[in-house]
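A note on names: the letters A, B, ... follow the listed sequences, proteins ahead of strands, and every chain is numbered from 1. The figures that follow rest on heavy atoms only: side chains count, while hydrogens, waters and symmetry mates do not.
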Number of protein chains: 2
Amino acid sequence: MAYSEQYIDKLRKSGLRPTKQRIKICEVLFDVEKTFHFTIKELVKIIENQANIKVSLATVYNTVHAFIKKGYLKEIPLNASQSYYDTNVTHHHHFFDEEENKLIDIHQDDVDEVNIKRTIPGKKIRSVEVIAKIVSDNQSQK
Amino acid sequence: MAYSEQYIDKLRKSGLRPTKQRIKICEVLFDVEKTFHFTIKELVKIIENQANIKVSLATVYNTVHAFIKKGYLKEIPLNASQSYYDTNVTHHHHFFDEEENKLIDIHQDDVDEVNIKRTIPGKKIRSVEVIAKIVSDNQSQK
DNA sequence: TCAACAGTTTAGAATAAATATAATGTATTA
DNA sequence: TAATACATTATATTTATTCTAAACTGTTGA
Ligand SMILES: [Mn+2]
Ligand SMILES: [Mn+2]
Ligand SMILES: [Zn+2]
Ligand SMILES: [Zn+2]
């Protein structure tokens with residue numbers, strides 16, 4: 001259980017008790033090579049598959065929200081019947097594949113700084129996100 | 001009933017029968033000075049207020065979807081429990097006021113062309129949308 | 001003109017994501 | 001280890017959206 005130590009620390013430092021449910025969710029979310037995007041439904045399935053413990057749906061929701069609050073997850077603005085979440089919390093943009101219903105990261109470096117030549121009095125910009133919707137390129141290439 | 005003629009034409013040309021419900025919804029959506037953003041709930045309220053007829057919730061949903069399909073409305077990608085719709089179907093971007101839960105248009109001219117230096121093999125970009133989240137600027141200005 | 005038909009509306013039921021409830025369980029700390 | 005605050009859970013609730021199927025209406029062509 002060596003690597004779960006880091007999650008116990010992480011949780012404690014955040015003022016969250018390191019319960020076995022939360023530690024498991026940390027492992028699923030953060031103990032991976034690459035960041036990824038998921039829905040609650042998908043996360044539940046991943047936990048079910050690789051867990052020796054049962055985690056209730058309510059706890060999955062609670063934990064995801066707690067992690068968002070702490071900045072360990074981001075919610076992705078996508079028009080869908082369900083929310084998407086991102087383990088990549090750096091500032092970046094997305095392709096959204098409308099056929100696969102999958103998000104693909106676009107690094108900040110791969111998009112020129114978005115320059116908005118307009119302001120709203122009394123308001124400041126908190127975040128700027130680009131979503132590029134993509135579909136299959138079925139061009140008849142001559 | 002002079003101006004409703006144009007909506008009757010519009011509907012007929014789209015292969016949609018010009019029913020009194022659809023004509024009324026056209027008036028509410030398109031017979032206004034400015035384009036605007038709305039949720040289904042808000043649209044139902046507007047119809048209720050200015051209509052002499054009753055339009056069922058199912059018809060409001062059906063009609064909005066039919067109009068999206070015809071390109072008369074756009075759905076706005078926003079992370080929310082409900083969908084936002086836009087009567088401005090030109091290519092443009094948005095501020096989203098997180099406190100008021102309101103969308104504000106940003107004309108295409110007010111944002112430099114978003115240049116994405118990355119492609120996905122076999123996929124083409126269908127649309128690029130910028131969403132800038134804004135909040136109150138409560139800075140203590142010295 | 002009007003019957004036939006396809007398209008439309010509607011109330012109400014069904015679905016499903018998300019949240020709330022409240023009882024039970026557990027990590028923490030003194 | 002006892003007290004307590006925090007967390008988990010099954011279950012109920014909420015709410016946006018979609019589905020269903022019966023009634024209704026716009027269109028068409030005989
Ligand atoms: Mn949420
Ligand atoms: Mn929903
Ligand atoms: Zn991402
Ligand atoms: Zn708009």
Worksheet item: Of the nucleotides D:dC19, D:dT18, C:dA20, which one has an atom closest to the side chain of B:A58?
Response: D:dC19
Response to the item:
Applying ring pair (Phe, Tyr, Trp, His ring centres under 6.0 Å) to A:H91 and not counting sequence neighbours gives A:H93
Fill in: B:D109/A:K117 ion pair, N-O < 4.0 Å
no
Worksheet, complete the sentence: From NZ of A:K69 across to P of D:dC6 the rounded distance in Å is 12 Å
Worksheet item: Please give, in whole Å, the distance from D:dA7 C1' to A:K70 NZ?
Response: 15 Å
Discussion item. Looking at D:dT17, I'd like to know if its phosphate oxygens (OP1 or OP2) sit under 4.0 Å from a side-chain N or O belonging to B:Y61.
Written reply: yes
Worksheet item: What residue pairs, at least two apart or across chains, pass salt bridge (Lys or Arg N to Asp or Glu O under 4.0 Å) with a residue in residues 53-70 of chain B?
Response: none
Worksheet entry | Phosphate OP1/OP2 of C:dA18 contacted by A:H65 side-chain N/O (<4.0 Å) | no
Worksheet item: Is A:H92 reaching over with its side chain to a backbone N or O of A:T90, donor-acceptor style, under 3.5 angstrom?
Response: yes
Worksheet item: So does A:S83 get a side-chain nitrogen or oxygen closer than 4.0 Å to the phosphate oxygens (OP1/OP2) of C:dA18?
Response: yes
Fill in: Partner set under side chain to side chain donor-acceptor pair (under 3.5 Å) for B:R118, not counting sequence neighbours
none
Discussion item. Rounding to an integer number of Å, can you tell me how far B:K24 NZ sits from C:dT9 P?
Written reply: 15 Å
Worksheet item: Quick one: A:I40 CD1 to C:dA16 C1', roughly how many Å, whole number?
Response: 14 Å
Practice prompt. Round to a whole Å and report the spacing from CD1 of B:I53 to C1' of C:dT9.
Written response: 11 Å
Fill in: Atom-to-atom span, CG of A:N62 to P of C:dT21 - whole angstrom
13 Å
Check residues 123-133 of chain B and write down every donor-acceptor pair under 3.5 Å in which the side-chain atom is one partner and the other belongs to a residue at least two apart or another chain.
residue : atom : partner : partner atom : Å
B:K123  : NZ   : A:D97   : OD2          : 2.9
B:K123  : NZ   : A:E99   : OE1          : 3.1
B:R126  : NE   : A:E98   : OE1          : 3.0

Discussion item. I want to confirm an ordering. Mapping B:P18 and B:Y84 to their closest nucleotides on DNA chain D, which one lands closer to the 5' end?
Written reply: B:Y84
For residues 42-51 of chain A, which side-chain N or O atoms pair as donor and acceptor with protein atoms under 3.5 Å away, sequence neighbours left out?
residue : atom : partner : partner atom : Å
A:E42   : OE1  : A:T39   : N            : 3.0
A:E42   : OE2  : A:K102  : NZ           : 3.4

Fill in: Distance, rounded to the nearest Å, where A:K20 contributes NZ and D:dC6 contributes P
20 Å
Fill in: C:dA11 OP1/OP2 closer than 4.0 Å to side-chain N/O of B:K54
yes
Discussion item. At less than 4.0 Å, is any side-chain N or O atom of B:R12 found next to OP1 or OP2 of D:dT27? Yes or no.
Written reply: yes
Can you tabulate the close N/O pairs, meaning under 3.5 Å, that link protein atoms to atoms of nucleotides 4-8 of chain C?
residue : atom : partner : partner atom : Å
C:dA6   : N3   : B:R17   : NH1          : 3.3
C:dA6   : N3   : B:R17   : NH2          : 3.4
C:dG7   : O4'  : B:R17   : NH1          : 3.4
C:dG7   : O4'  : B:R17   : NH2          : 3.3
C:dT8   : OP1  : B:R17   : N            : 3.2
C:dT8   : OP1  : B:R22   : NH1          : 2.5
C:dT8   : OP1  : B:R22   : NH2          : 3.3

Worksheet item: C:dA17 C1' sits how many Å from A:L78 CG, rounded?
Response: 15 Å
